[in-house]
Asker: 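Here's a structure for you.
We count residues from 1, following the sequence as given.
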Amino acid sequence: MSPLDRIANVSILKQHEVDKLYKVENKPAVSSSEQLCFLVRPRIKNMRYIANLVNADKLSGRTRKYKVIFSPQKFYACEMVLEEEGIYGDVSCDEWAFSLLPLDVDLLSMELPEFFRDYFLEGDQRWINTVAQTLHLLSTLYGPFPNCYGIGRCAKMSHELWRKLEEEEDGETKGRRPEIGHVFLLDRDVDFVTALCSQVVYEGLVDDTFRIKCGSVDFGPEVTSSDRSLKVLLNAEDKVFNEIRNEHFSNVFGFLSQKARNLQTQYDRRRGMDIKQMKNFVSQELKGLKQEHRLLSLHIGACESIMKKKTKQDFQELIKTEHALLEGFSIRESTSYIEEHIDRQVSPIESLRLMCLLSITENGLIPKDYRSLKTQYLQSYGPEHLLTFSNLRRAGLLTEQAPGETLTAMESKVSKLVTDKAAEKITDAFSSLAKRSNFRAISKKLNLIPRVDGEYDLKVPRDMAYVFSGAYVPLSCRIIEQVLERRSWQGLDDVLRLLHCSELAFTGLTKEDKPSSESLRLVLVAFLGGCTFSEISALRFLGREKGYRFIFLTTAVTNSARLMEAMSEVKA
């Protein structure tokens, strides 16, 4: 519904003689129309719903015309189901390759949130073709891509399939000037850590708090300070939002109050005007000021609402724990914080997220912690979450270390000699020596945790770490920065080995004429499996620093809660 609304809202559809809109679900459609048109994602479940509907019509002796339109593409399995259900002859099928929705001046989304679960959990490769088709579409519009880099299994497959498509339609981009100098494909599972962190840039916080859906957000009565909710489009056209979206939340209030004062000064100018000036003011400026005023009060309302929620959750303490996990300090304390979080039943999704963050930064949990946290979680939130743990394990988000990794012969001898309490401490010490977490090693190699003398100034950020309060540079963004600097993966072998991506990083160069320096400034970054607003803000910052202009292409915009929900077997 949401992507469709962005390009053809209800009133446009009504002009084109659409009678009514229904959600495709498991119940009969009460419609008197002679024709029904189903616009669906190619999902087996949807086919069953459609079949029930058509068969119900048959039973009651109704005849209508049915058309099923699959977007972004049609899958053979879906047609098989229609045939199984005995309605393949009654419906006509079509596909609509609507695979790219521009959400903003620099953000293109495929709006396929299911991509993440399908590929990274189920190992289902159905959408790889869609990604390749999308890249192909972009290269037919903007000329060939001179430099292509990628990391991850999905990125590699998409790239290979896209090259095949290019070869098949060889003539199309020949002789075109390339407009986009670099394309970067990145799998979400290369960097789960960034996606699991709490966001603190304004746009990320709005997404974490209110859920930005398809570029727009529903602000409830607590934000609009009226009795009804308001749907607001968040993009570069909202002048107020555009100036604060990438800012660290601590600067936003100051900026908005300054803006309010400036606005007041402009309103006050009308006091000493004569008739002619007044006429100009009303016809030219007033409308703009009113619009700005409306937006200002909305964003101030949103800020207040965020502040209320975050103070209630003790956000500072949470952030402190996350930073400790990222830096690898006081792991015991962080673990007890997570236990308390579970026992107080703060939120099933949040607790899961913290456990995953602990697991990934520590290369898996020691068996004792894994068992204890899992038991507490299931007792606190309910046994129905059991399958979720199996999913998280399969995806590598929440894993348990093999017992052999930690216990050494020396250790077991020592533990026989000392009391149990001390033995536990020693075991913990040994286990942290026995294995350095890959994340820690990567973080050292790529300098992800900035060493700061004194306070980190969030008003004038010095590096991409500002998107996490100066504590951590997003791994995905650092990889992109390094590869663009070197124009290849050379010298990053250690990092690739630690990421288990030695075979999965590639560079593709095309033998085109020399791309212009103008186009080499333009970088298309494609996130397969979703990207967060924090990563977008960090790369926008990098672009300003290094003179690049980034365009983002993502399967969907995601955040930590969406990732956890995609893995969860308990529907919220």
Side-chain angles (χ1 to χ4, degrees), residues 192-193 195-198 317-412 414-416 418-443 472 498 560 563-564 567-570:
F192 277 141
V193 173
L196 289 171
C197 290
S198 296
E317 195 58 26
L318 179 70
I319 295 283
K320 212 174 89 187
T321 305
E322 283 182 28
H323 291 176
L325 290 176
L326 293 168
E327 293 172 32
F329 292 138
S330 44
I331 294 304
R332 276 283 133 240
E333 280 147 51
S334 302
T335 311
S336 17
Y337 176 86
I338 296 173
E339 287 179 342
E340 194 185 317
H341 201 273
I342 293 170
D343 297 341
R344 291 197 356 245
Q345 298 182 321
V346 181
S347 125
I349 289 291
E350 277 282 285
S351 298
L352 265 188
R353 168 178 85 83
L354 289 168
M355 285 157 70
C356 292
L357 200 53
L358 174 67
S359 165
I360 292 174
T361 50
E362 286 290 297
N363 252 18
L365 305 176
I366 41 184
K368 187 186 73 186
D369 283 352
Y370 182 80
R371 283 195 298 274
S372 128
L373 283 170
K374 182 174 171 182
T375 308
Q376 289 182 60
Y377 189 92
L378 295 173
Q379 287 172 354
S380 187
Y381 293 119
E384 63 274 17
H385 291 274
L386 196 56
L387 287 169
T388 305
F389 279 87
S390 133
N391 289 348
L392 291 168
R393 193 177 202 147
R394 263 177 39 215
L397 277 158
L398 182 54
T399 55
E400 177 183 10
Q401 293 163 20
E405 287 174 28
T406 49
L407 274 166
T408 57
M410 164 75 183
E411 215 179 326
S412 40
V414 171
S415 58
K416 282 195 183 82
V418 286
T419 59
D420 286 356
K421 200 78 193 136
E424 264 190 22
K425 280 207 171 104
I426 292 177
T427 310
D428 282 355
F430 269 115
S431 64
S432 59
L433 280 174
K435 56 146 235 336
R436 296 295 294 146
S437 132
N438 281 15
F439 175 73
R440 304 255 174 280
I442 292 165
S443 154
Y472 160 70
L498 289 163
S560 56
L563 286 196
M564 294 293 98
M567 290 287 159
S568 170
E569 287 299 321
V570 180

Asker: Give a yes or no answer on whether the side chain of Tyr377 reaches the backbone of Pro348 with a donor-acceptor pair at less than 3.5 Å.
Answerer: yes
Asker: Supply the atom-to-atom distance Arg393 CZ to Thr388 OG1, rounded to the nearest 0.5 angstrom.
Answerer: 14.0 Å
Asker: Does the Thr361 side chain pair with the main chain of Leu357, one donor and one acceptor, at a distance under 3.5 Å?
Answerer: yes
Asker: Rounded to the nearest 0.5 Å, what separation is found between the CE atom of Met567 and the CG atom of Leu352?
Answerer: 11.0 Å
Asker: Looking at Val193 and Tyr472, what are the two nearest heavy atoms and their distance?
Answerer: CG1-OH, 3.8 Å
Asker: Just by distance, with hydrogens left out, do Thr321 and Glu317 show a side-chain donor and acceptor under 3.5 Å apart?
Answerer: no
Asker: Going from CG on Leu373 to CD on Glu400, what distance comes out if it is rounded to the nearest 0.5 angstrom?
Answerer: 11.0 Å
Asker: Donor-acceptor check, side chain of Gln376 to backbone of Asp343, threshold 3.5 angstrom: yes or no?
Answerer: no
Asker: Keeping Thr375 on the side-chain end and Arg371 on the backbone end, is there a donor-acceptor pair under 3.5 Å?
Answerer: yes
Asker: Quick one: salt bridge (Lys or Arg N to Asp or Glu O under 4.0 Å) partners of Glu350, sequence neighbours excluded?
Answerer: Arg353
Asker: Does a side-chain heavy-atom distance below 4.5 Å link Cys356 with Phe192?
Answerer: no
Asker: Quick one: pull up CG in Leu354 and OG in Ser359 and give me the separation to the nearest 0.5 Å.
Answerer: 12.5 Å
Asker: How many angstroms lie between OG1 in Thr399 and CD1 in Ile360, if you round to the nearest 0.5 Å?
Answerer: 8.0 Å
Asker: Look at the side chain of Ser334 and the backbone N and O of Ser330, then say whether any donor-acceptor pair between them is shorter than 3.5 Å.
Answerer: yes
Asker: Taking salt bridge (Lys or Arg N to Asp or Glu O under 4.0 Å) as the definition, give me every residue that meets it alongside Glu333, ordered by chain and number, with sequence neighbours left out.
Answerer: none
Asker: With sequence neighbours left out, what residues match Leu387 under side chain to side chain contact (heavy atoms under 4.5 Å, CB included)?
Answerer: Glu569
Asker: Using 30° and 60° as the class boundaries, would you call the ring planes of His341 and Tyr337 parallel, tilted or perpendicular?
Answerer: tilted
Asker: State, yes or no, whether a side-chain contact exists between Thr335 and Ser372 at a heavy-atom distance under 4.5 Å.
Answerer: no
Asker: Heavy atoms only: give me the nearest Val570-Glu384 pair and the separation to one decimal.
Answerer: CG2-O, 3.4 Å
Asker: So which of Met355, Glu339, Arg332, Glu362 actually passes side-chain contact (heavy atoms from CB on, under 4.5 Å) with Asp369?
Answerer: Arg332
Asker: Which heavy-atom pair separates Ile319 from Ser198 by the least distance, and what is that distance?
Answerer: CD1-CB, 4.0 Å
Asker: If we only count heavy atoms from C-beta on, is the Lys374 to Leu386 side-chain gap below 4.5 Å?
Answerer: yes
Asker: How many angstroms lie between CG in Asn391 and CG in Leu397, if you round to the nearest 0.5 Å?
Answerer: 10.0 Å
